[in-house]
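Since the structure comes first, as structure tokens, the remarks are kept for the end.
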Amino acid sequence: MTNEELAAVFEHIANLLEIKGENVYRVLSYRRVAESLRTLGQDVHVLRAQGRLQEIPGVGKAIAEKIEELLDTGELGFLKRLEAEVPPSLIDLLQIPDVGPKRAALFWKQAGITTLEALEEAARAGRLRHLPGMGEKSEARILEGIEALRRRSHRLPLGVARPMALRWLDWLRQQPGVVRAELAGSLRRWRSTVGDLDLVAASHQPKALMDAFVLHPEVYRIIAQGENKASIETRNGTRLQLWCQPPEKFGSLWQYATGSKDHNVRLRGLAQKRGLSLSEHGLSDEDGHEIHFTTEEDLYHALGLPWIPPELREDRGEIEAALNGTLPPMLQREDLKAELHTHSNWSDGAATLDEMVSAAYQRGLRVIAITDHSAGLGIANGLTPERLREQRAEIETLHQRWGDKIVILQGAEVEIRADGHLDYPDEVLAELDIVIASLHVSLRQPRAEVTQRLLNAIRNPQVDIIGHPSGRLLPNREGADLDWEMVLTTAQQYGVALEINANPARLDLDDVYARRAAEMGIPLALNTDSHTPTDFDLIEYGIGIARRAWVEPSQIINTWSPERLLAWLRARG
DNA sequence: GCCGTTTTCGGCCCGACTGTTTTCAGTCG
């Protein structure tokens, strides 16, 4: 079982226990372990073999035993007994907005409803309104919720959500009385996918702003509307939330709405230790005196912490690091001096070599590598070794034109074929300045097979970078089922760089494995995979991932001076 | 079920919004 599969089991247990009405903190402890497993970045089998399961945050004796049983047998007696008590299909009901564990239990115990279909039928027949605590409005809301569930797609990729949110932000900033408006939530934390769009505003006229918000022409329906908070669904099925407070509370509000939930829970714990209570309004003492914060900095300082960058706010050790003064330095766009993964119209890019070089130069880069596709990837108009040599001739003329303004490297993104061989023979690779090896095809091979393909590439001394290692495409195509432990330890051994691909459809490595790779001292490359000049600006998304992964600038080869980078490439052969 | 700068037992975050209620429960973030 993978970490992800184990996490799903514990999440499932948490849901069932919650419907059963178990102690909420017991439920939370299973949720916490699920989250820990998802973000571990290290194969749980390895920790188990070393007897270190209880080092995982939130794992104690009882859950360690359950993990062992699952790893050994693939099953869990405890879960089987639980599923005999609580019908597992009830968990589907929890996806409906306004249906939580209490109502799921109510529908099951008082109306014999155990599936989404049965619930919908009962709601249509008007049979829910008579249940305790229910009424016509609740019944209608649930029916609406079921329809919204069908309408609403999966989580949005950040690359879709962010531009959409920026347009709303522009609109907000034009509203009368608005002093300030910003992105919040997972958008601001640069999570690679987001569930809804969170926006915050400071306004002298909150009521008027809320009214204007819900009347916006893109609003399909209003989910909730109050004085300080409103939530709507747009015509394209996206949910937006807007929080509003007067300017003197903006710092607390922005911090609160940025989250993550787990991070905020920890902060409230810190406040509690000081005899204070923290909310979106600020800090209050036992007598109810409130301290307001106009900036996030002031709020963190009041809790004895330095300001914590949003990308780190996931309760993955940032609170401890902040307390110890060991928060990592955050990568800035200015740190990046090289773009090492670009395509031109020699393969599937849209621009000429010169246009791509120019785009890099305009953005202050000092090195660009042209890495068109190899011949095997038919759809991408890949280059044969002959065309590769013709391209080299053209790049030579670019060297003349650009002189020492920018270093232009010729490279290739060479396909790792389904049979595990690279698309070019080693002698062709040896002629190139830089080689990226990537998986695009046969990603669904069994773990051993697909992992072996990647290992072959990592061990090839001509290969400098493994491009978008998992091959995932957001939001729907999962990456290859890799044995990450093997991939990472082999990359470490051979000193090959792993790419953080900044294209918002990829963001691959993800933050979890990028963090693990950085901890292991594996060099990382941060590239846009640009196919057009404007793609260079997608680097912001990759910077978000690098920050979320606690990667320090010096660990990224694109931050190195041209001399150091070229020396590293030469040393690799 | 976990966890310990006060604890091996007794804690474990906080408020907005909605609907069904006459003071609160459920859900959500």
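Chain identifiers are assigned alphabetically (A, B, ...) following the order of the sequence lines, protein sequences preceding nucleic acid strands; residue numbering begins at 1 within each chain. These values consider heavy atoms only, across backbone and side chains, with no hydrogens, waters or symmetry-generated copies.
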Between [N] and [M], how many Å separate the two [atom1] atoms, rounded to a whole number?
{"N": "B/dT20", "M": "B/dG26", "atom1": "C1'", "value": "11 Å"}
{"N": "B/dG11", "M": "B/dA16", "atom1": "C1'", "value": "26 Å"}
{"N": "B/dT5", "M": "B/dG1", "atom1": "C1'", "value": "23 Å"}
{"N": "B/dC12", "M": "B/dT6", "atom1": "P", "value": "15 Å"}
{"N": "B/dC2", "M": "B/dT7", "atom1": "C1'", "value": "14 Å"}
{"N": "B/dC9", "M": "B/dG15", "atom1": "P", "value": "32 Å"}
{"N": "B/dC28", "M": "B/dT23", "atom1": "P", "value": "26 Å"}

side-chain N/O A/S231 vs B/dG29 OP1/OP2, d < 4.0 Å: no
B/dG1 OP1/OP2 closer than 4.0 Å to side-chain N/O of A/Y30: yes
Are the aromatic rings of A/W307 and A/H301 close, with centres under 6.0 Å apart? no
In whole Å, what is the span from the [atom1] atom of [X] to the [atom2] atom of [N]?
{"X": "A/L76", "N": "B/dG1", "atom1": "CG", "atom2": "P", "value": "11 Å"}
{"X": "A/L199", "N": "B/dG29", "atom1": "CG", "atom2": "C1'", "value": "14 Å"}
{"X": "A/M134", "N": "B/dA25", "atom1": "CE", "atom2": "P", "value": "17 Å"}
{"X": "A/D262", "N": "B/dC12", "atom1": "CG", "atom2": "C1'", "value": "14 Å"}

Which residue pairs pass the ring-ring contact (aromatic ring centres under 6.0 Å, His included) test when at least one of the two sits in residues 84-134 of chain A, sequence neighbours left out? none
Starting at the 5' end of DNA chain B and moving along, which residue's nearest nucleotide shows up first, A/K61 or A/L94? A/K61
Can you tell me how the ring of A/H216 sits relative to the ring of A/W171, calling it parallel under 30°, perpendicular over 60° and tilted otherwise? perpendicular
Stepwise side-chain hydrogen bond (donor to acceptor under 3.5 Å, both in side chains) check, A/Q42 with A/N3: CA-CA 8 Å; A/Q42 198 180 357; A/N3 293 6; over 6 Å; no
Closest to side chain of [X], choosing from [options]:
{"X": "A/A62", "options": "B/dG1, B/dG19, B/dT27", "result": "B/dG1"}
{"X": "A/D196", "options": "B/dT27, B/dC2, B/dG29", "result": "B/dG29"}
{"X": "A/I63", "options": "B/dG26, B/dG29, B/dG1", "result": "B/dG1"}

A cation-pi test, strictly: NZ or CZ of A/K249 under 6.0 Å from the centre of the six-membered ring of A/F293 and no more than 45 degrees from its axis. Yes or no? no
Please name the residue in the list A/R316, A/R189, A/E314, A/E318 that meets the side chain to side chain donor-acceptor pair (under 3.5 Å) test with A/H263. A/E318
So which protein nitrogen or oxygen atoms get under 3.5 Å of nucleotides 14-18 of chain B's nitrogens or oxygens?
residue: B/dC14; atom: OP1; partner: A/S277; partner atom: OG; Å: 3.3
residue: B/dA16; atom: OP1; partner: A/H281; partner atom: NE2; Å: 2.8
residue: B/dC17; atom: OP1; partner: A/E227; partner atom: N; Å: 3.0
residue: B/dC17; atom: OP1; partner: A/N228; partner atom: N; Å: 2.9
residue: B/dC17; atom: OP1; partner: A/K229; partner atom: N; Å: 2.9
residue: B/dC17; atom: OP1; partner: A/K229; partner atom: O; Å: 3.4
residue: B/dT18; atom: OP1; partner: A/Q225; partner atom: N; Å: 2.6
residue: B/dT18; atom: OP1; partner: A/Q225; partner atom: O; Å: 3.0
residue: B/dT18; atom: OP2; partner: A/Q225; partner atom: O; Å: 3.1

Under the 3.5 angstrom rule, does the side chain of A/D511 hit a backbone N or O of A/R548 as a donor-acceptor pair? no
